[in-house]
Amino acid sequence: MNLLDQQYTKTPFYGVKRMTAYLRQLGYQVGEKRVRRLLRQMGLDAIYQHPNTSKPNSEHQVYPYLLRHVPISRCNQVWSTDITYIRLAKGFVYLMAVIDWYSRYVLDWSLSTTLEADFCVDTVSSLLHNGLRCEIFNTDQGSQFTSPRFTRPLIEQGIAISMDGRGRALDNIFVERLWRSVKYECVYLRQFETVSQARAGLKEYFEFYNHERLHQSLDYHTPAQVYLANNSSDNKSFYQPNSILIL
């Protein structure tokens, strides 16, 4: 499962057959049936280009994608969230995070041992309770995010809801890039034994990511420098990166 996770992060377009061939080249005598079962257990979809950690619910409302060809020009214009798999020595947990598109700032994050909606609802509710707002909130079409428990508080705050098209990983590209950073710069460099170790390690990493990690796309500023500066009352001299266009 660890090898599948690492290879999937590197080549998310690999399906069951390629993943099976990859493991066999490493000397593991596995069949396609076992590889398919493990990918499903990890919440990784071997068909689409993104982790299938969110299952749709046909009874929930799905919202259109609002961000195609929209220039992202300011903080709190667009937030988005997603869920990914985090491996442990024995087992795994699920990580969700909320990111500001303009600054790449991680506003909050949470871990869960299940894919129930609670940890997603609680994290976003905490942001709203603390007075933070965005104009558009983008998610995928998973049941955690289409649930009225998740969407109703956003609508009540006048926040427009945008949802990725089915199988379109690039609709939520900034979270996908965040997951690559988290895995290559934190998870793969450590061996988390327990959920508490994972929580402590990820807390340390997100502090680094927000406040110390320099981003080339931000002209080598940190997400915190951009986000906190642009949300200050005195922003005359603060750095502002170039507007970007979502294609």
Side-chain angles (χ1 to χ4, degrees), residues 43 50-68 70 72-86 93-166 168-169 171-179 182 195 199 202-203 206-207 209-210 223-224 226-228 230-233 246:
H50 63 285
N52 187 24
T53 45
S54 296
K55 302 294 184 180
N57 186 318
S58 60
E59 297 181 0
H60 293 171
Q61 180 177 351
V62 174
Y63 294 80
Y65 185 67
L66 304 177
L67 299 170
R68 193 161 292 115
V70 173
I72 309 303
S73 59
R74 56 195 177 276
C75 292
N76 295 327
Q77 179 184 1
V78 179
W79 295 353
S80 62
T81 189
D82 198 3
I83 302 171
T84 194
Y85 157 99
I86 298 294
V93 290
Y94 299 103
L95 167 68
M96 70 86 67
V98 181
I99 188 171
D100 174 69
W101 275 24
Y102 183 73
S103 64
R104 318 296 200 271
Y105 187 74
V106 176
L107 295 142
D108 204 355
W109 60 277
S110 182
L111 284 181
S112 176
T113 57
T114 73
L115 281 172
E116 299 299 322
D118 292 352
F119 75 123
C120 301
V121 172
D122 292 344
T123 302
V124 174
S125 296
S126 177
L127 290 172
L128 299 178
H129 178 74
N130 289 328
L132 296 177
R133 301 287 184 276
C134 63
E135 299 170 28
I136 301 173
F137 200 114
N138 190 72
T139 72
D140 65 22
Q141 297 182 21
S143 60
Q144 299 94 336
F145 307 127
T146 56
S147 166
R149 294 177 55 214
F150 186 90
T151 59
R152 187 180 300 112
L154 298 173
I155 295 171
E156 290 175 348
Q157 295 295 332
I159 298 172
I161 298 173
S162 169
M163 292 186 175
D164 303 344
R166 292 294 301 278
R168 288 183 54 88
D171 286 351
N172 213 356
I173 186 64
F174 294 118
V175 179
E176 298 295 333
R177 289 174 179 171
L178 173 65
W179 292 156
V182 168
V195 177
R199 183 173 288 108
L202 288 166
K203 182 178 185 297
F206 282 123
E207 286 291 320
Y209 178 91
N210 276 339
V226 178
Y227 184 81
L228 300 179
N230 281 271
N231 283 281
S232 171
S233 58
I246 306 305

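Using a 4.5 Å heavy-atom cutoff, the side chains of L202 and Y209 are not in contact. Between F137 and T81 the shortest side-chain heavy-atom distance falls below 4.5 Å. Two residues are said to be in side-chain contact when any heavy atoms from C-beta on lie closer than 4.5 Å; V124 and C120 fail this criterion. Under the 4.5 Å side-chain criterion, counting only non-hydrogen atoms from C-beta, V226 is not in contact with Y105. Looking at I161 and I159, their side chains never come closer than 4.5 Å, going by heavy atoms from C-beta outward.
In this structure, the separation between CG on L228 and OG on S103 is 8.0 Å, given to the nearest 0.5 Å. Taken to the nearest 0.5 Å, the CE atom of M96 stands 9.5 Å off from the CG atom of D122. One distance of note links CG of D164 with OG1 of T139; it measures 6.5 Å at 0.5 Å rounding. Taken to the nearest 0.5 Å, the OG atom of S73 stands 4.5 Å off from the CD atom of Q77. From L67, atom CG reaches atom CH2 of W101 across 4.5 Å, with rounding to the nearest 0.5 Å. A distance of 5.5 Å separates CG in L115 from CD1 in I83, rounded to the nearest 0.5 Å.
No more than 12 heavy atoms of other residues, nucleotides or ligands lie within 6.0 Å of CZ in R152, so this atom counts as exposed by the packing criterion. Atom CD of E135 has more than 12 heavy atoms from other residues, nucleotides or ligands within 6.0 Å.
Contact record, Y63 with M163: O-CB, 3.3 Å, taken as the closest heavy-atom pair. Minimum interatomic distance between S110 and F119 (heavy atoms only, all atoms of both residues): OG-CB, 3.8 Å. Minimum interatomic distance between I99 and L107 (heavy atoms only, all atoms of both residues): C-CD1, 4.1 Å. Pairing each heavy atom of D82 with each of F145, the nearest pair is CA-CZ, 4.3 Å.
When each of V121, T123, L128 is checked for a side chain to side chain contact (heavy atoms under 4.5 Å, CB included) with S125, only V121 meets the rule. Just one of D100, N210, N76 meets the side-chain hydrogen bond (donor to acceptor under 3.5 Å, both in side chains) condition when paired with Y227; it is N76.
With R104 contributing its side chain and Y102 its backbone, the two residues share a donor-acceptor pair below 3.5 Å. Side chain of D140 to main chain of G142: a donor-acceptor pair is present (N/O by atom type, distance under 3.5 Å, no hydrogens or angles).
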N138 and S80: CA distance, side-chain angles, deciding distance, side chain to side chain donor-acceptor pair (under 3.5 Å) verdict: CA-CA 4 Å; N138 190 72; S80 62; 5.2 Å; no
